[in-house]
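Just below is one structure, and these are the notes that go with it.
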There are 2 protein chains.
Amino acid sequence: MKGRRVSAKPTISDVAARAGVSKGLVSLALNDKPGVASATRLRILQAVEDLGFRASHAARALSSSKTGTLGLVLARRPEMLRADPFFPPFIAGLEQVIAPIGMALMLRFVSDVREEKQAYTELANGRVDGVFVTDLRQADPRPSLLAELRLPAVSLNRPSEDSRIPAVCLDDLPGVRTALDHLIALGHRRIAHVGGPQEYLHADRRRSAWAETLSAAGLPPGSWVESDFTAAGGARATAELLDAPHPPTAILYASDLMAVSGMAEAHRRGLSVPGDLSIVGFDDAELSAHLHPPLTTVRTDAFAWGQASASAMVALLGGGVVTDVQLPSASFILRGSTAPPP
Amino acid sequence: MKGRRVSAKPTISDVAARAGVSKGLVSLALNDKPGVASATRLRILQAVEDLGFRASHAARALSSSKTGTLGLVLARRPEMLRADPFFPPFIAGLEQVIAPIGMALMLRFVSDVREEKQAYTELANGRVDGVFVTDLRQADPRPSLLAELRLPAVSLNRPSEDSRIPAVCLDDLPGVRTALDHLIALGHRRIAHVGGPQEYLHADRRRSAWAETLSAAGLPPGSWVESDFTAAGGARATAELLDAPHPPTAILYASDLMAVSGMAEAHRRGLSVPGDLSIVGFDDAELSAHLHPPLTTVRTDAFAWGQASASAMVALLGGGVVTDVQLPSASFILRGSTAPPP
DNA sequence: TTGAAAGCGCTACCAC
DNA sequence: GTGGTAGCGCTTTCAA
């Protein structure tokens, strides 16, 4: 027999039949579109309720060519991802704005550029409506790839090259400048830097802000080493800096993780922090405020960044003209790991 | 005119036309199904290549009722998520097995049980083919919800209640037992515990393993406090333990994050670690090996857990009979934060 | 305001 | 082996 199978999910046709209207009307009512008499609308909504109807995403995606999902592809080595304090709150911020409007996030982890390209290509193929571009790199291939793929995108900060991708910007510089000004005011003259891979725009920018602030203050160029955002890397870089003939009295790190392992390296050498060596991190990780001494650092609001990025994406997909958004800059968090030089 | 629009994505019909065959055959060829002459198959593949054709996910999902996506919903407070060392490698493990077969992961963050239920309900509605159930809780509502939703699932460890959900199990106990045996062998008699929220099965199990091992060794019950997996919580719990009339000489924590902030709390009180207080964490976070002293801890292979979970899911969706999988147990990592009691 | 019907781009079934 | 055709469950015209 052709009757309603016992436990099959109700379809829009079932709703239409029960409400005594056509499928088309049900569709209009469900999507809050105009042109449905309110009595009819009520009847339809009642039928939806009675049947426990929920529209199929797949069907909706096919006929409207909107998936209701957004993509985030993360290209990083596992160790770098492991302790990254940025993405959890960033994603939470995204979710806070997209979940209420029925959208969801698709996540991809990739380990090299080839996989990355493939991931975007697959996502562009009817899996997502748009993607967030994070961790901008030098000569980043993604803006042009995404343009080619015609995949809407929102980027975190502005890519170096021109592109039509709207950007949600958050300036790290004020935070690191304030940190350095504080160190300089304390009397430090040899302030070193442990940076992230300079391939990343943000790592490069933090390093140049450091260099420029030193120079603006009339100090000689400081020493620095390019590290990799891992704990091991931070310790190694710190050792290298401390082994130099004229070791620094303060070190600015591009991440809290590296700063903390750098602090441990200093302790291992019998140096006290901040007595013998001042340390400034970057990120304000969950742990940082609870260390001994608590870590002086620079904070970036990843949650707000997520919210703003998601809002920009929603506006973009809605066909709006999206202009760049500027978020409050990174801020300096003064805690206990900085003091006058010995 | 009705011709091919200049830049529209090619469809399966375009491929069929170019190869001079029917859509059905193209579908068979694309999905490696039998019944296509190899010469024909070659011709089809060539046409696919020429046109740069990629099958639409939405269309495939609708007609096959398989989305090719898997869901992961994380219900936790933002602070707990922020520094969680488990999910990044777990997700990387999932990706390693699902990405090569064209599947992707959909992520949802929710903050309470109501949102959680809604998230699963939405995912069940044609957004994913199955979900991973993590962070099992006491009287967890999810097994029955998922059964009701008829949403295939794989859980990490076995829910307390009976359920047909296949589980991928990893036993924490051996790791914590070995850790305690080590402490006991060192001469410790007052070994305290800072646990996670006991609502979580894994937190509860770690606590009972601690209690049982003490008792099995003939020691009196130790003191413990229920904390929340945050750095602040770990420090607070440690202070409470240390303020007691007979403070412990060693503390076993349910997470590295709590252990590290506990260590800082000890330092703040002028206690040396491990001289005055021995500390054992749980997780082996990225930072832990690079602390001073390096943290003795218990390690769980989250990446392997992800791989195994994904494999179980693939088998489950493939219609196979999936039996529980047992992974190697958590292992004890002896480093520098443990020593004989003062 | 409403109904009927034509797709969206695939998969799957049934003939030949 | 292969071609035709009927859906999958929606959205979106176009008439009425």
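The figures that follow rest on heavy atoms only: side chains count, while hydrogens, waters and symmetry mates do not. Within every chain, numbering begins at 1; the chains are lettered A, B, ... in the order of the sequence lines, protein sequences first and strands thereafter.
Which of D:dG3, D:dG1, C:dC10 sits closest to the side chain of B:Val21 comes down to D:dG3. Proximity note for B:Asn31 (side chain, C-beta onward) versus C:dT11, D:dG1, C:dC10: the nearest is C:dT11. Proximity note for B:Lys23 (side chain, C-beta onward) versus D:dG9, D:dT5, D:dT11: the nearest is D:dT5.
Across all strands, A:Ser27 comes closer than 4.0 Å to base atoms (heavy-atom distances). Using a 4.0 Å heavy-atom distance criterion, A:Val26 is classed as making no nucleic acid contact. Residue-level contact check: B:Lys66 touches neither bases nor backbone, having no heavy atom under 4.0 Å from any strand.
Between A:Phe90 and A:Thr134 there is a side-chain heavy-atom pair separated by less than 4.5 Å.
Atom CG of B:Leu28 is separated from atom P of D:dT2 by 10 Å (rounded to the nearest Å). For the pair A:Ile44 CD1 and D:dC10 P, the interatomic distance rounds to 14 Å; values are reported in whole Å. Rounded to whole Å, the distance from NZ on A:Lys33 to C1' on D:dT12 is 8 Å. Between the CZ atom of B:Arg54 and the P atom of C:dC10 there is a distance of 12 Å, rounded to whole Å. Between the CG atom of A:Asn125 and the P atom of C:dG9 there is a distance of 11 Å, rounded to whole Å. As a whole-Å value, the separation of B:Leu62 CG from C:dG9 P is 12 Å. Straight-line distance from the CZ atom of B:Arg41 to the P atom of D:dG1: 10 Å, rounded to whole Å. The distance from atom CG of A:Leu30 to atom C1' of D:dG9 is 12 Å, rounded to the nearest whole Å.
Residue-to-nucleotide proximity on DNA chain D shows that, of A:Ser56 and B:Ala37, the 5′-proximal contact is made by B:Ala37. Two residues, B:Ser13 and A:Gly20, neighbour DNA chain C, and the one matched to the more 5' nucleotide by heavy-atom proximity is A:Gly20.
At least one side-chain nitrogen or oxygen of A:Thr40 sits closer than 4.0 Å to the OP1 or OP2 atom of C:dT2. Note on A:Arg60: a side-chain N or O is less than 4.0 Å away from OP1 or OP2 of D:dT11. Between A:Ser22 and C:dG3 there is a side-chain N or O to OP1 or OP2 distance below 4.0 Å.
A donor-acceptor pair is defined here as one N or O able to donate and one able to accept, closer than 3.5 Å; such a pair exists between the side chain of B:Thr121 and the backbone of B:Lys117. With B:Asn125 contributing its side chain and A:His57 its backbone, the two residues share no donor-acceptor pair below 3.5 Å.
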**Message:** Assess the residue pair B:Asp14 and B:Lys9 against the criterion (salt bridge (charged side-chain N to carboxylate O under 4.0 Å, His left out)); give the C-alpha distance rounded to whole Å, side-chain angles, the decisive distance to 0.1 Å, and a yes or no.
**Reply:** CA-CA 9 Å; B:Asp14 297 325; B:Lys9 273 190 197 159; over 6 Å; no

**Request:** Dump the intermediate steps for salt bridge (charged side-chain N to carboxylate O under 4.0 Å, His left out) on A:Glu122 and B:Arg54, then the final yes or no.
**Result:** CA-CA 8 Å; A:Glu122 282 170 10; B:Arg54 319 214 78 223; 5.0 Å; no

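Contact of A:Ser63 with C:dC8 (side chain to base): no donor-acceptor pair of N or O atoms is detected under 3.5 Å.
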